[in-house]
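Atoms considered below: every heavy atom in the structure, side chains included; atoms not considered: hydrogens, waters and symmetry mates.
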Amino acid sequence: MKPFIYLPLWFFKTRFLGQNKPLQTVLFITNECNLECRHCCVYSKDHIITKPYVQIKEELEYSYNLGSRFVDFEGGEPFLWKYNDLTINDLTFLAKKIGFFSTTITTNAQLPIIDSKADSIWISLDGIGKFHDMIRGEGAFDKLEKNILESNHPNLHANMVINNLNHSNFEDTIQWVKNNPKLKSIALNFHTPFPGTESLSIPLDQRNEIIDQIIKMKRSGYPIMNSISGLKYMKKDISNKYCHLSNFIHPDGTKRGECEGKTLNLCASCGFCMSGEMRAVMNLKPDTLFAGLKLRV
Ligand SMILES: C[S@@+](CC[C@H](N)C(=O)[O-])C[C@H]1O[C@@H](n2cnc3c(N)ncnc32)[C@H](O)[C@@H]1O
């Protein structure tokens, strides 16, 4: 079924008939990473898992059969994934063949982004220069900048996670994205305190002030992916009742119908911008619906 038929039908059944089907899949294909970010607890150095192609195929088909039509390949570092002579482009082809409408990759941009077949690529950018390196390691920003400039991908976006190490740099980071001819937009998130990373959180009142400033910048034309409605929902009540709109399949193969943060009881301090965006979508906020369709379809 084409997106313009599937999506309104999915929305109607979910919003008004109580349907409980995901629309998006976050699929972790490896936990191997070439960075050791201070805010992250997904990567592993001692117990590396690289999922075999057949397992990923089964997980894509499982998610598609649940109802999902968008897939984000995650890690670890997804561009490290290789299986025999297959690369992540083969996973992108596979997802499209199964019927997914679009594929995205979230990457740290430490490897070249050349000839990727994903529909869009999200580059994790946690500040400019020393701010990014403080979280992601010495030299990571320079590599990221070079790989962005040399990329031939037409649909690159940045993804920032604001925490207590980089909060003073978020405006400069938004400005940097605006000035970068290769980047189309930036999504702004806040740190979610997964176990062991609690000390990076920022207090809610400070976070709300930052959101107000992001809204101002968005209104004055900065290329911010978050919708104003989504940002407002992030301020109001950040625990979310729509997180089941994404399903997650973890590096060890665990399948979850919603974010791990819910299992860990972290919803009240969730920083993922998708929580606000999903809420705005389900409340039919036109700015969010328009931005979501533009980005995904
Ligand atoms: C786990 S990383 C994996 C993909 C890739 N290696 C990268 O760095 O983008 C995916 C995204 O999750 C974000 N992330 C990691 N830990 C987080 C946390 N505690 N709270 C919010 N976002 C987090 C990262 O900044 C990144 O944008």
Side-chain angles (χ1 to χ4, degrees), residues 1-27 59-74 92 95-106 118-122 155 157 159 184-189 192 211 214-215 218 223-249 255-263 267 270-297:
M1 203 187 286
K2 294 265 186 267
F4 289 102
I5 301 171
Y6 188 87
L7 294 176
L9 262 180
W10 175 89
F11 177 85
F12 181 79
K13 289 184 188 164
T14 304
R15 185 71 175 83
F16 301 109
L17 305 180
Q19 169 182 269
N20 190 356
K21 283 183 173 184
L23 190 59
Q24 166 175 297
T25 298
V26 180
L27 180 50
E59 292 174 348
L60 283 169
E61 284 167 350
Y62 165 84
S63 302
Y64 181 87
N65 290 334
L66 286 181
S68 175
R69 291 295 179 270
F70 302 102
V71 58
D72 179 34
F73 292 113
E74 273 278 1
T92 300
K96 283 298 184 66
K97 199 172 149 204
I98 290 172
F100 283 88
F101 298 148
S102 88
T103 61
T104 59
I105 296 174
T106 305
D119 293 287
S120 53
I121 296 189
W122 287 88
N155 207 4
H157 303 261
N159 187 64
K184 287 193 161 171
S185 75
I186 178 167
L188 284 318
N189 305 269
T192 301
I211 294 177
I214 295 172
I215 291 175
K218 169 110 185 168
I224 292 167
M225 187 285 293
N226 311 58
S227 62
I228 290 180
S229 302
L231 286 161
K232 286 183 179 165
Y233 277 118
M234 283 180 89
K235 260 186 87 175
K236 252 192 223 165
D237 170 9
I238 51 184
S239 56
N240 194 325
K241 49 181 187 171
Y242 293 117
C243 288
H244 62 277
L245 304 190
S246 298
N247 72 308
F248 294 77
I249 308 189
K255 295 178 170 115
R256 285 183 205 278
E258 54 201 0
C259 165
E260 192 178 11
K262 176 140 192 202
T263 320
C267 296
C270 171
F272 290 103
C273 70
M274 282 314 291
S275 64
E277 297 302 313
M278 289 195 281
R279 220 163 176 185
V281 165
M282 295 317 285
N283 284 299
L284 274 178
K285 298 291 177 189
D287 60 326
T288 315
L289 291 171
F290 179 71
L293 285 176
K294 195 171 146 206
L295 191 71
R296 296 294 204 157
V297 192

Q: Measure across T103 and A118 and return the closest heavy-atom pair with its distance rounded to 0.1 Å.
A: OG1-CA, 3.4 Å
Q) Which atom pair, heavy atoms only, marks the closest approach of W10 to Q19? A) CD1-NE2, 3.4 Å
(Q) Using the side chain to side chain contact (heavy atoms under 4.5 Å, CB included) criterion, which residues pair with N65? Sequence neighbours excluded. (A) none
Q) Residues in salt bridge (Lys or Arg N to Asp or Glu O under 4.0 Å) with D119, at least two apart? A) K96
Hey, could you give me the [atom1]/[atom2] distance between [X] and [Y], rounded to the nearest 0.5 Å?
{"X": "M278", "Y": "C273", "atom1": "CE", "atom2": "SG", "answer": "9.0 Å"}
{"X": "L60", "Y": "K97", "atom1": "CG", "atom2": "NZ", "answer": "12.0 Å"}
{"X": "D72", "Y": "S102", "atom1": "CG", "atom2": "OG", "answer": "9.5 Å"}
{"X": "L289", "Y": "E277", "atom1": "CG", "atom2": "CD", "answer": "10.5 Å"}
{"X": "Y62", "Y": "I249", "atom1": "OH", "atom2": "CD1", "answer": "6.5 Å"}

Q | More than 12 heavy atoms from other groups under 6.0 Å of NZ on K285 | A | no
Q: Go through the side-chain N and O atoms of N159 and H157 and say whether any donor and acceptor fall under 3.5 Å apart.
A: no
(Q) We want to know whether S227 and T288 form a side-chain donor-acceptor pair, criterion being a heavy-atom distance below 3.5 angstrom. (A) yes
Q) Is there a side chain to side chain contact (heavy atoms under 4.5 Å, CB included) between Y233 and S275 once you walk through the steps? A) CA-CA 8 Å; Y233 277 118; S275 64; over 6 Å; no
Q: List the steps and the verdict of side chain to side chain contact (heavy atoms under 4.5 Å, CB included) for L245 and V281.
A: CA-CA 11 Å; L245 304 190; V281 165; 5.7 Å; no
Q | Side chain to side chain, K21 and T14, heavy atoms closer than 4.5 Å | A | no
**Q.** Note, L27 side chain near S63 side chain (heavy atom, < 4.5 Å)
**A.** no
**Q.** side chain to side chain contact (heavy atoms under 4.5 Å, CB included) between N247 and K255, worked out
**A.** CA-CA 8 Å; N247 72 308; K255 295 178 170 115; over 6 Å; no
